[in-house]
Each structure stands twice: as structure tokens, then as C-alpha cells.
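Since this is a predicted model, take the numbers as computed values, not measurements.
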Amino acid sequence: MLLACGASPSSGGFSTAPVATAIGEQHAGDYNLGPVAFHGSFWNSCAPYPPEVEASIGDLLAGLALRFNGNGALCDTCVTIKTARGKSVTARVITTGETVGPNDVDLSQKAFDQVFDGEYPRRMTWSLVKCAPSNEKLRYQFQTEANPYWTSLWVRGARLPLKTVEVKKAAASTWTPLERGTDGTLTDASGFGEGKFTLRVTAYDGQVISDTFDRFTPGGILSSSSQFE
């Protein structure tokens with residue numbers, strides 16, 4: 001189980017360096033029942049999720065160990081868990097924490113129920129996978145404190161892990177990379193400024209999505225025009 005759900009952005013980050021993992025690379029450990037849920041008495045490290053994003057993700061949810069998601073890079077990615085008894089489930093990563101074993105995964109109740117067969121220990125392998133196709137486009141969820149002088153957001157609903165997110169501000173000729181936080185946020189410490197801006201999102205495999213907007217609202221959500229293949 002997750003013993004602790006990670007640190008907040010103000011806590012100075014994680015001491016454990018994340019381990020890079022590729023799509024399809026398998027990691028062997030145990031699976032456990034959370035808590036992994038959008039709401040409860042615990043804190044999810046990739047949160048908060050607005051209701052419309054929760055609805056699009058569903059309730060097949062997972063939490064990864066700090067060694068894999070300590071820098072927030074795997075927030076909102078999809079993982080497939082395959083048990084030693086041949087059952088499998090694909091779940092969306094929404095939190096991070098200290099696990100009993102270095103490769104263990106925690107699951108939400110519905111995801112756990114889909115694979116649990118009364119076994120103990122609950123051996124499994126997990127790997128990053130491309131999320132299932134859907135009609136959902138990327139969403140840009142801005143932090144409630146975001147403003148023209150300090151701008152921070154989450155990219156929600158991507159089918160693939162993200163490599164980089166950059167912004168081109170009004171009248172700028174170059175792209176500014178956004179800094180990733182341990183909670184999966186992407187931040188420009190100097191802010192997007194006033195006027196139009198363009199976000200460029202690059203997936204791990206090199207696919208690129210660009211979207212231009214007139215403005216953003218603190219705590220608001222902007223919808224992309226596209227989704228990764």
C-alpha cells in the first residue's frame with residue numbers, strides 16, 4: 001500500500017530520483033488496494049481534479065512509487081497491471097507515494113476488484129501504456145493562483161506521457177519551457193503575461209500539439225483542439 005502520498009510543491013521535493021520507464025517496459029512487484037480515489041481523507045499528489053476531468057477518467061485509478069513518479073512526470077499516464085493469475089486492468093495514475101516494495105502499485109477499489117482473485121501475495125507486473133482512444137481532447141487546467149506574472153497548469157487527459165510543455169507568449173519569438181512540479185504541474189515562474197499565448201505539448205514519442213488562446217482564467221480549464229494518436 002502507499003504509506004505516504006508524497007510531498008507538496010512547497011516541501012522541497014522528493015529525495016528519491018525517479019526511475020525512467022519506457023512504454024511497455026515491465027516492472028515486477030505486488031498490487032494492493034489503495035486508498036486511491038479522487039476524494040477522501042488522504043491527499044493525491046496529482047490533484048486536484050475538477051469534476052469534468054474526473055468524469056472523463058473514470059474510476060480505474062492507480063498510484064505509483066516515488067522512484068517512478070517522484071517528479072510528477074507520470075501523473076495522468078496510463079498503466080496496465082497484469083497479475084500472476086492472468087488478470088489485467090488498465091488504470092490512470094493519479095497519485096504517488098512510498099510503497100512497501102519499490103515496484104508496487106496501489107489501485108482504486110474498482111481496479112482492485114477487476115483483478116483480485118483471492119491470492120496472496122498479489123504478484124503482478126506493470127508497464128506504461130498508451131491510454132485508450134476517446135473523443136476527449138487535451139485539457140489545460142490552470143491553478144487557482146495562476147496569474148499573468150506566475151502561471152501554472154496541469155495538462156489533463158493526454159493519451160501519452162509528456163516529454164515537454166512550452167509556451168510562446170504574446171510578441172515573443174521563442175518558446176519558454178515550463179518547469180514540472182512534483183504534483184505534475186507545469187509552471188512559468190515569470191508568467192504568460194497579458195494577451196495571446198500558445199502552448200506546445202510534446203509527447204514522449206515526438207508527437208506535438210499546439211494550441212493558441214486569447215487568455216486564461218485562474219482555476220479555469222481550456223480545451224485543446226487535438227489529442228495524441
Just by modelled atom types, is the Ala28 backbone N or O under 3.5 Å from a matching donor or acceptor in the Thr125 side chain? no

Please state whether the rings of Phe142 and Phe216 are parallel, tilted or perpendicular, taking 30° and 60° as the class boundaries. parallel

Mark yes or no for whether Lys130, through its side chain, and Glu229, through its backbone, hold a donor-acceptor pair below 3.5 Å. yes

Take atom NZ in Lys87; do more than 12 heavy atoms of anything else shown fall under 6.0 Å from it? yes

If you look at every heavy atom in Leu107 and Ile81, which pair is closest and at what distance? CD2-CD1, 3.8 Å

Side-chain (Thr187) to main-chain (Ala189) donor-acceptor, under 3.5 angstrom: no

Scan residues 143-173 for pairs that pass ring pair (Phe, Tyr, Trp, His ring centres under 6.0 Å), counting only residues two or more places apart or in two chains. none

Test Val167 against every option in Thr198, Thr176, Leu186 by the side-chain contact (heavy atoms from CB on, under 4.5 Å) rule and name the one that passes. Thr176

Between atom CG of Leu162 and atom CZ of Arg180, what is the distance when rounded to the nearest 0.5 Å? 5.5 Å

Distance in Å, Gln207 CD paired with Lys163 NZ, rounded so as to fall on 0.5 Å steps: 13.0 Å

Rounded to the nearest 0.5 Å, what separation is found between the CG atom of Leu60 and the OG1 atom of Thr90? 8.5 Å

Can any side-chain N or O of Asn44 pair as donor or acceptor with the backbone N or O of Cys46 at less than 3.5 Å? no

Would you say Phe213 and Val201 are hydrophobically clustered, going by side-chain heavy atoms of ILVMFWY under 4.5 Å? yes

For the residue pair Phe197 and Leu222, what are the closest heavy atoms and their distance? CZ-CD1, 4.0 Å

Using a 4.5 Å cut-off on heavy atoms from C-beta on, say whether the side chain of Gln143 contacts that of Leu153. no

Just by distance, no angles: are the side chains of His27 and Thr21 close enough, under 3.5 Å, to form a donor-acceptor pair? yes

Hydrophobic clusters here meaning ILVMFWY residues chained together by side-chain heavy-atom distances under 4.5 Å, can you tell me if Leu138 and Val208 are in one? no

Is any side-chain heavy atom of Cys75 closer than 4.5 Å to a side-chain heavy atom of Ile94? no

Trp175-Tyr140 co-clustered via ILVMFWY side chain contacts under 4.5 Å: no

For the residue pair Thr164 and Pro177, establish whether any side-chain heavy-atom pair is separated by less than 4.5 Å. no

Measuring from Ile23:CD1 to Leu160:CG, what's the distance to the nearest 0.5 Å? 6.0 Å

Over all atoms of both residues, closest heavy-atom pair of Ala37 and Leu61: CA-CD1, 4.0 Å

Over 12 non-hydrogen atoms of neighbours within 6.0 angstrom of NZ in Lys82: no

Just wondering, do Lys168 and Thr174 contact through their side chains at under 4.5 Å, heavy atoms? no

Treating Gln227 as the side-chain partner and Glu136 as the backbone partner, does any N or O pair qualify as donor plus acceptor under 3.5 Å? yes

Quick check: are there more than 12 heavy atoms from other residues, nucleotides or ligands sitting under 6.0 Å from CD of Glu119? yes

Value rounded to 0.5 Å, distance of OH in Tyr31 from CZ in Arg122: 6.5 Å

Would Ile57 end up clustered with Val129 when hydrophobic side chains under 4.5 Å apart are linked, directly or stepwise? no

Evaluate the side-chain proximity of Ser152 to Glu145: yes if any heavy-atom separation is below 4.5 Å, no if none is. no

Do Ser45 and Asp183 have side-chain N/O donor and acceptor atoms under 3.5 Å apart? no

Distance-only side-chain donor-acceptor flag, Asp104 / Thr99, under 3.5 Å: no

Quick test of your reading: applying disulfide (SG to SG under 2.5 Å), list the pairs with at least one residue in residues 107-192, sequence neighbours left out, ordered by first then second residue. Cys78-Cys131

Does this structure show an ion pair linking Arg85 with Asp117, if we count only N-O contacts that are shorter than 4.0 Å? yes

Closest non-hydrogen contact found for Phe68 with Leu74 is O-CD1, 3.6 Å

Backbone N/O of Ala22 and side chain of Glu25: donor-acceptor pair under 3.5 Å: yes

Flag the pair Asp76 and Arg156 as a salt bridge only when some basic side-chain nitrogen lies within less than 4.0 angstrom of an acidic carboxylate oxygen. yes

Please answer whether the main-chain N or O of Phe192 pairs with a side-chain N or O of Thr151 as donor and acceptor at a distance below 3.5 Å. yes

Could you tell me which residues satisfy side-chain hydrogen bond (donor to acceptor under 3.5 Å, both in side chains) with Asn147, sequence neighbours excluded, listed by chain and number? none

Quick check for you: to the nearest 0.5 Å, what is the distance between Thr95 atom OG1 and Asn69 atom CG? 8.5 Å

Looking only at heavy atoms, what is the nearest atom pair of Thr144 and Pro218, with distance? O-CB, 3.3 Å

Verify the neighbour count for atom NZ of Lys196: are there more than 12 heavy atoms of other residues, nucleotides or ligands below 6.0 Å? no

Does the pair Asp188/Lys169 count as a salt bridge with the N-to-O cut at 4.0 Å? yes

Check: Gln141 side chain, Gly219 main-chain N or O, donor-acceptor pair, under 3.5 Å: no

Heavy-atom nearest pair, Gln114 first then Ser88, reads NE2-O, 3.6 Å

